[in-house]
2 protein chains.
Amino acid sequence: MSESVGRWLRDEIENAILSNEFGPGARLDETMLATRFGVSRTPVREALMQLNAIGLVDIRPRRGAVVIDPGPHRIYEMFEVMAELEGLAGSLAARRLNEESRDAITAAHKRCEISAGAGDSDGYYYDNEAFHKAIYAASRSEFLEEQCAQLHRRLRPYRRLQLRVRNRLSTSFAEHSAIVAAIFAGDVEQARSLLRAHVGIQGERFSDLVASMATR
Amino acid sequence: MSESVGRWLRDEIENAILSNEFGPGARLDETMLATRFGVSRTPVREALMQLNAIGLVDIRPRRGAVVIDPGPHRIYEMFEVMAELEGLAGSLAARRLNEESRDAITAAHKRCEISAGAGDSDGYYYDNEAFHKAIYAASRSEFLEEQCAQLHRRLRPYRRLQLRVRNRLSTSFAEHSAIVAAIFAGDVEQARSLLRAHVGIQGERFSDLVASMATR
DNA sequence: AAATGCGATCTTGTATGCAAGATTATTGAC
DNA sequence: GTCAATAATCTTGCATACAAGATCGCATTT
């Protein structure tokens with residue numbers, strides 16, 4: 001609570017959305033949220049506007065805010081863009097690698113190896129996140145890093161769903177190893193295409209997942 | 001004024017920033033803005049938060065909002081990402097082209113030809129914008145289209161600066177022609193690399209421009 | 001019985017008020 | 001004369017109040 005109430009509320013509501021407590025299509029009543037969090041409507045409105053700007057909620061004038069439902073197709077589009085941005089990050093990382101970035105990537109990769117070996121799906125989920133963040137940072141492009149982190153965050157729930165798929169952990173880790181090798185070898189184009197494929201496949205697998213769920 | 005005051009204010013302040021009336025680093029005093037536009041502080045605050053989310057202003061708790069000064073290096077980073085996204089849009093356009101998109105691109109390209117031939121820098125500026133928007137739309141990826149449009153908008157002022165450079169109009173138009181040919185031929189990789197180069201070069205030229213201005 | 005019009009109620013959008021932190025000016029000491 | 005500390009002022013952040021549009025329900029009509 002050391003920060004302003006508005007920012008705190010934004011994170012709080014964002015988490016509630018990402019953890020599916022407020023599912024897609026849910027109405028976000030200002031008064032309801034205000035009483036729930038014990039604040040007035042003003043900071044609630046501010047939080048909602050920020051979530052609107054991020055793309056998590058839709059605000060229609062005089063009609064309130066609702067949680068956006070991206071739908072499988074749009075989620076696939078988001079993975080497509082994510083793949084491209086990660087590919088760029090990987091290529092820049094391969095070109096500009098320094099010792100600090102190299103160590104950070106190595107450490108994150110090691111942690112992934114441990115959790116993947118243990119079959120710890122939740123653990124791998126977090127370590128995987130750190131691994132990708134290390135690559136963003138290694139690109140040495142602050143803007144790209146921010147864009148990647150933001151999109152990564154929005155895709156979080158779907159990636160989580162994704163890792164539950166059988167054998168995905170070891171496949172993902174094997175891909176990581178190849179990516180690390182390419183970056184460390186300074187192979188710009190290889191790093192780009194491997195990362196693009198790594199993320200892109202996630203998107204495709206995701207839509208498979210959704211499709212299989214929908215037909216049931 | 002049919003819309004809400006908040007949205008109107010957001011556009012108003014955004015324009016003031018993009019047209020350099022509020023230059024980089026300028027303090028955006030809430031009360032000042034409120035009296036200037038004849039409204040209360042509440043909608044001003046909302047507008048500022050939206051601009052903060054877009055990335056145009058920086059809001060530090062209890063210390064007010066200031067117009068962000070990206071600096072040449074960060075602007076170059078933004079062009080770098082823009083190049084990648086446009087490349088993706090171009091490749092998707094080449095793969096998914098339909099008659100409607102084809103006509104839209106052709107029409108926009110024709111308008112560019114006319115204004116470029118007339119040496120009309122301002123006219124070309126708008127037609128060029130429409131041309132790129134036509135390619136975003138042709139990608140048939142709504143998410144990508146939105147991302148491109150948003151970044152394109154943020155880079156607007158710098159691109160404008162850019163077109164003043166000598167011979168840039170005819171060079172740009174020639175590049176457009178090659179891009180259109182690649183997309184219409186369905187050459188996915190060619191469309192991607194041409195667009196990437198087209199935008200990327202803008203970024204490089206921009207930093208040249210800034211560097212030459214800075215040394216004076 | 002279904003549909004449409006009217007009114008009550010609820011929700012959002014904007015304004016204003018008040019408290020707390022930040023900035024600035026003034027005063028005092030060295 | 002300069003630096004530091006304290007007080008006054010200003011600005012932001014949150015809460016509350018009020019107005020206007022949207023939603024929902026009821027009644028009336030066809």
Side-chain angles (χ1 to χ4, degrees), chain A residues 1-18 20-70 150, chain B residues 1-18 20-70 150:
Chain A
M1 288 207 216
S2 58
E3 263 222 341
S4 65
V5 177
R7 315 268 175 131
W8 169 67
L9 262 180
R10 175 174 61 78
D11 294 341
E12 207 68 24
I13 299 175
E14 182 178 4
N15 286 335
I17 292 175
L18 292 181
N20 222 21
E21 186 181 348
F22 297 125
R27 266 185 60 73
L28 298 174
D29 187 273
E30 293 179 0
T31 311
M32 181 265 287
L33 291 168
T35 56
R36 166 173 175 156
F37 292 107
V39 295
S40 88
R41 277 179 47 225
T42 310
V44 171
R45 283 180 61 78
E46 294 187 346
L48 289 178
M49 307 209 60
Q50 293 197 47
L51 294 174
N52 173 62
I54 295 174
L56 272 176
V57 310
D58 181 31
I59 298 183
R60 289 173 311 181
R62 289 262 175 215
R63 304 189 66 194
V66 295
V67 178
I68 280 190
D69 179 11
Q150 188 174 330
Chain B
M1 290 208 213
S2 57
E3 264 221 341
S4 66
V5 177
R7 315 268 175 134
W8 169 68
L9 262 181
R10 175 174 61 77
D11 293 341
E12 207 69 24
I13 300 176
E14 181 178 4
N15 286 335
I17 293 175
L18 292 181
N20 222 19
E21 185 181 347
F22 297 125
R27 265 185 59 74
L28 298 174
D29 186 274
E30 294 179 1
T31 312
M32 180 265 287
L33 291 168
T35 56
R36 166 173 174 156
F37 292 109
V39 296
S40 87
R41 276 177 48 224
T42 309
V44 171
R45 283 179 60 79
E46 296 191 344
L48 288 178
M49 305 210 61
Q50 294 198 46
L51 294 174
N52 172 62
I54 295 174
L56 272 176
V57 310
D58 181 32
I59 298 183
R60 290 173 310 179
R62 290 263 175 214
R63 304 189 66 194
V66 295
V67 179
I68 279 190
D69 179 11
Q150 189 176 328

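Note on naming: letters A, B, ... go to the chains in the order of the sequence lines (proteins, then strands), and numbering restarts at 1 for each one.
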Peer 1: Quick one: which residue pairs count as a salt bridge (charged side-chain N to carboxylate O under 4.0 Å, His left out) with a foot in residues 38-55 of chain B, not counting sequence neighbours?
Peer 2: A:R45-B:E46, A:E46-B:R45, B:E30-B:R41, B:E30-B:R45
Peer 1: Identify the pairs formed between an N or O of the protein and an N or O of nucleotides 22-24 of chain C at a distance under 3.5 Å, and give each distance.
Peer 2:
unit_1	atom_1	unit_2	atom_2	d
C:dT23	OP1	B:R63	NE	2.8
C:dT23	OP1	B:R63	NH2	2.7

Peer 1: Starting from C1' on C:dG13, measure out to CZ on B:R7 and report it in whole angstrom.
Peer 2: 11 Å
Peer 1: Of the options C:dT14, C:dT12, D:dA15, whose atoms approach the side-chain atoms of A:P43 most closely?
Peer 2: D:dA15
Peer 1: Can you check the A:L9 CG to D:dG13 C1' distance for me, whole Å?
Peer 2: 13 Å
Peer 1: Whole angstrom is fine here: how far is it from CG in B:N52 over to P in D:dT12?
Peer 2: 14 Å
Peer 1: For the residue pair A:A47 and A:G6, what are the closest heavy atoms and their distance?
Peer 2: CB-O, 4.1 Å
Peer 1: Give the rounded distance in Å between these two atoms: CD of A:E46 and C1' of D:dT12.
Peer 2: 10 Å
Peer 1: To the nearest Å, how far apart are B:E30 CD and C:dC18 C1'?
Peer 2: 15 Å
Peer 1: Output a table of nitrogen or oxygen pairs between the protein and nucleotides 16-18 of chain D separated by less than 3.5 Å.
Peer 2:
unit_1	atom_1	unit_2	atom_2	d
D:dT16	O4	A:T42	OG1	3.3

Peer 1: Check the distance between D:dC14's P and A:R10's CZ and give it to me in whole angstrom.
Peer 2: 13 Å
Peer 1: Going by number, which of residues 31-39 of chain B have a non-hydrogen atom under 4.0 Å from DNA chain D?
Peer 2: none
Peer 1: With sequence neighbours excluded, what pairs up with A:Q150 under the side-chain hydrogen bond (donor to acceptor under 3.5 Å, both in side chains) test?
Peer 2: none
Peer 1: Please enumerate all residues that pass salt bridge (charged side-chain N to carboxylate O under 4.0 Å, His left out) together with B:E21, with sequence neighbours excluded.
Peer 2: B:R36
Peer 1: Taking side-chain contact (heavy atoms from CB on, under 4.5 Å) as the test, write out the residues that go with A:D29, two or more places apart.
Peer 2: A:R27, A:T31, A:M32
Peer 1: Do A:F37 and A:I13 make a side-chain contact, defined as non-hydrogen atoms from C-beta onward lying under 4.5 Å apart?
Peer 2: yes
Peer 1: Less than 4.5 Å apart, any side-chain heavy atom of B:S40 and any of B:V44?
Peer 2: no
Peer 1: Are any non-hydrogen side-chain atoms of B:L33 and B:L48 less than 4.5 angstrom apart?
Peer 2: yes
Peer 1: Could you tell me the separation between the CZ atom of B:R45 and the P atom of D:dT12, rounded to a whole number of Å?
Peer 2: 8 Å
Peer 1: In whole angstroms, how far is the P atom of C:dT14 from the CG atom of A:L48?
Peer 2: 15 Å
Peer 1: From C-beta outward on B:R27, which listed nucleotide comes closest to its side chain: C:dT14, C:dT11, D:dT12?
Peer 2: D:dT12
Peer 1: Is the shortest side-chain heavy-atom distance between A:E14 and A:D11 below 4.5 Å?
Peer 2: yes
Peer 1: Below 3.5 Å, can you tabulate the donor-acceptor pairs from side chains in residues 50-69 of chain A to any protein atom, sequence neighbours excluded?
Peer 2:
unit_1	atom_1	unit_2	atom_2	d
A:Q50	OE1	A:R10	NE	2.9
A:D69	OD1	A:G71	N	3.4

